[in-house]
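Structure record follows, encoded as structure tokens.
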Number of protein chains: 2
Amino acid sequence: MAEEVAQEQPRPTAPRPVRCIVKLGGAAITNKGELESINEENLRSACAQLRHAMSESDGDGATEKVLGMDWSRKPGDPADPAVDAEWIAGMAGLGLDTNFIVVHGAGSFGHFQASRSGVHKGGLHSTLVKAGFVATRISVTSLNQEIVRALAREGIPSVGMSPFACGWSTQQRKVLHGDAVLDELLDCTILSGDVIIRHLAQLLSPRYVVFLTDVHGVYDRPPTDPNAVLLKEIEVDDNGGWSIVKPALLQGNTKGVEISVAAHDTTGGMETKILEAAVIARLGIDVYITKAGTEHSLRALKGDVSTDSEDWLGTIIRSSK
Amino acid sequence: MAEEVAQEQPRPTAPRPVRCIVKLGGAAITNKGELESINEENLRSACAQLRHAMSESDGDGATEKVLGMDWSRKPGDPADPAVDAEWIAGMAGLGLDTNFIVVHGAGSFGHFQASRSGVHKGGLHSTLVKAGFVATRISVTSLNQEIVRALAREGIPSVGMSPFACGWSTQQRKVLHGDAVLDELLDCTILSGDVIIRHLAQLLSPRYVVFLTDVHGVYDRPPTDPNAVLLKEIEVDDNGGWSIVKPALLQGNTKGVEISVAAHDTTGGMETKILEAAVIARLGIDVYITKAGTEHSLRALKGDVSTDSEDWLGTIIRSSK
């Protein structure tokens, strides 16, 4: 896949630098264990926080009239959407710095189809894998469509991009997702959103990267364990080694550390995630891992987090330099 | 757009030649005048005919058990989809020559959003155009998703590709559609499925191209006119000139000829369609324009049409050489 990532499409205008790449974790925006079920409240909240973080004004944006950009019919609603074109045309601008890229996981979408067919193991010549490849893409692209609609309803101009279809365009304000893709060795496989983020960070050098998930960050053991300790700061050196900086009591401990992921996220798990985050941090880009829908996620999305932020709950992964 | 079209993505395996490029006309698969409404019966019928045309056996395929590849939940159906993985894994193969490319129009999807915002005229700096661009893409990609699902339910392995997202990958078995895209001069515009087909035909040299629409083909005047005559054969010369071969009574008449399109298809109309078809025909590729859901469309999809087919209802556009 690396070759596909490396090729940029021609761009009609010079790109602005990307401010932030955000991972909406599948565990945060879907309901675990329930096939193809979106956690509507979490998704809406994440989109509202994204809008807030993009806002160029100091206000909280709560009183502003939002320019909804989903003008499609709602399922079951026979009424045509109302679009006040005159009001929109008269707006001075969106007042948003929309230079974000959103990548989302699949959560309870795609997993059923992929696991029934074994599409992650490759072998498109097999009828089962071929059918599973098609079924997996239908499932994950339907989630992508709903996320684009949720962002658009929140007034964030967004366009969906499937890794399979686009070879990872590096243009901006795109919403990408974990996907079933072709693979040179395996024929096909599942591409994780975490891997996508790492490649995009390497190409686009965002100011910071945020992973929104369903727990507060990286723990020293499964966060369901009552003795689990949140790792607030992890330092990555040039050789790929990493060490815990905070909390001080765990300094030097690099064993037994897990990042919590939902049980149905089979595309990476702890090792993939922490390795991808470490690669990004080595580029000098801070990575914030935190819980979606909290004051901590809003601060992370704004980039308003530092290693001195005692009241911020989450994990910062950064370069030791 | 031409530059985007010209760049092919790297392919892991050598491509097989494409047998047929099919345009599912927006007027045929959606309900005209009703916002974002799919003509389910026409779409189902078109997919069934496609499967039939792809079938490698001589039977009509009606008695074969279809391997459905849409394993996602149906809206309103709480039951998980049933997937008989064992049966699928035991199949010798699909028994289909799936080397088709499907391009579909937007019909009653996207038009409302595009016309309210003027996205076809460009100007992404305008708030209205920007919002309309997002809204248009949401609408057309939702149609694309439903068409991919309909093909998958019919056992045709299909993956959706948005022109916007993919820069028109020339890989095979893709389902493309008219779309809002970036444009070097206008910033953004609407790209017609007919233009996509012409570019794909130039790149991939299919054996034949089929346009499925809601009328029998090209007429010498609007087909609602009771005196309208169906043009059965049009010949295109190397200079781009064209002449009517059949019916003989219209030979030499190149004035006043219209191809019927739905009133809400604003992306091209008569001139674009016939010009695109003529460009394809000049490559030596026969173009069949016929009515979806008829015995004539099935024959066209099979490539079972010749200029001697007296009982075939439709228009053949071909090179004079």
Side-chain angles (χ1 to χ4, degrees), chain A residues 3-4 7 9-13 35-36 67-73 75 80-81 83 85 88-89 91-94 109 112-113 116-117 126-128 130-139 141-142 145 148-149 152 155 157-162 164-167 169 171 174 182-184 187, chain B residues 3-4 7 9-13 35-36 67-73 75 80-81 83 85 88-89 91-94 109 112-113 116-117 126-128 130-139 141-142 145 148-149 152 155 157-162 164-167 169 171 174 182-184 187:
Chain A
E3 282 150 272
E4 282 194 54
Q7 64 162 19
Q9 294 187 359
R11 276 180 292 220
T13 52
L35 178 67
E36 298 182 341
L67 163 50
M69 297 182 185
D70 177 3
W71 303 349
S72 285
R73 271 173 42 181
D80 284 0
V83 178
I88 301 172
M91 291 174 77
L94 293 176
F109 288 72
F112 165 76
Q113 293 83 2
R116 285 306 291 271
S117 59
S126 139
T127 307
L128 181 59
K130 191 178 286 183
F133 189 93
V134 170
T136 301
R137 295 211 72 249
I138 287 173
S139 185
T141 54
S142 70
Q145 178 80 358
V148 169
R149 290 185 73 166
S158 313
V159 287
M161 315 263 307
S162 283
F164 171 84
C166 71
S169 160
Q171 293 177 43
K174 306 298 185 292
L182 300 182
D183 182 279
E184 293 197 11
D187 284 353
Chain B
E3 284 151 89
E4 281 193 54
Q7 63 163 21
Q9 296 187 357
R11 276 181 292 222
T13 52
L35 179 68
E36 298 182 341
L67 164 51
M69 299 183 184
D70 178 3
W71 302 350
S72 285
R73 272 174 41 182
D80 284 1
V83 177
I88 300 171
M91 291 175 78
L94 293 175
F109 288 73
F112 165 76
Q113 293 82 1
R116 285 306 291 272
S117 59
S126 140
T127 307
L128 181 58
K130 190 177 287 182
F133 188 93
V134 170
T136 301
R137 296 211 71 251
I138 286 173
S139 184
T141 53
S142 71
Q145 178 81 358
V148 169
R149 291 185 73 166
S158 313
V159 287
M161 315 262 307
S162 283
F164 171 84
C166 71
S169 162
Q171 292 176 45
K174 307 297 186 291
L182 300 182
D183 182 278
E184 293 199 10
D187 283 354

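Each chain gets a letter, A, B and so on, in the order its sequence line appears, and its residues count up from 1.
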Not counting sequence neighbours, which residues clear ring-ring contact (aromatic ring centres under 6.0 Å, His included) with F133(A)? List them please. F164(A)
Residue from G68(B), A92(B), G132(B), A152(B) scoring the most non-hydrogen pairs under 4.5 Å with chain A is G132(B)
If we only count heavy atoms from C-beta on, is the I88(B) to S126(A) side-chain gap below 4.5 Å? no
Just so I know, are the side chains of P81(B) and F112(A) near enough to count as touching, which here means a heavy-atom distance under 4.5 Å? yes
Give a yes or no on whether the backbone of L35(B) and the side-chain of R73(A) come within a donor-acceptor separation of less than 3.5 Å. yes
Out of L67(B), L94(B), V134(B), T136(B), return the one with the most heavy atom pairs under 4.5 angstrom to chain A. V134(B)
Does S72(A) offer a backbone N or O that forms a donor-acceptor pair with the side chain of E36(B) under 3.5 Å? no
Under 3.5 Å donor-acceptor, Q145(B) side chain and I138(A) backbone: yes
Listed partners of A135(B) passing side chain to side chain contact (heavy atoms under 4.5 Å, CB included), at least two apart: W71(A), Q113(B)
For the CE atom of M161(A) and the CZ atom of R137(B), what is their distance to the nearest 0.5 Å? 8.0 Å
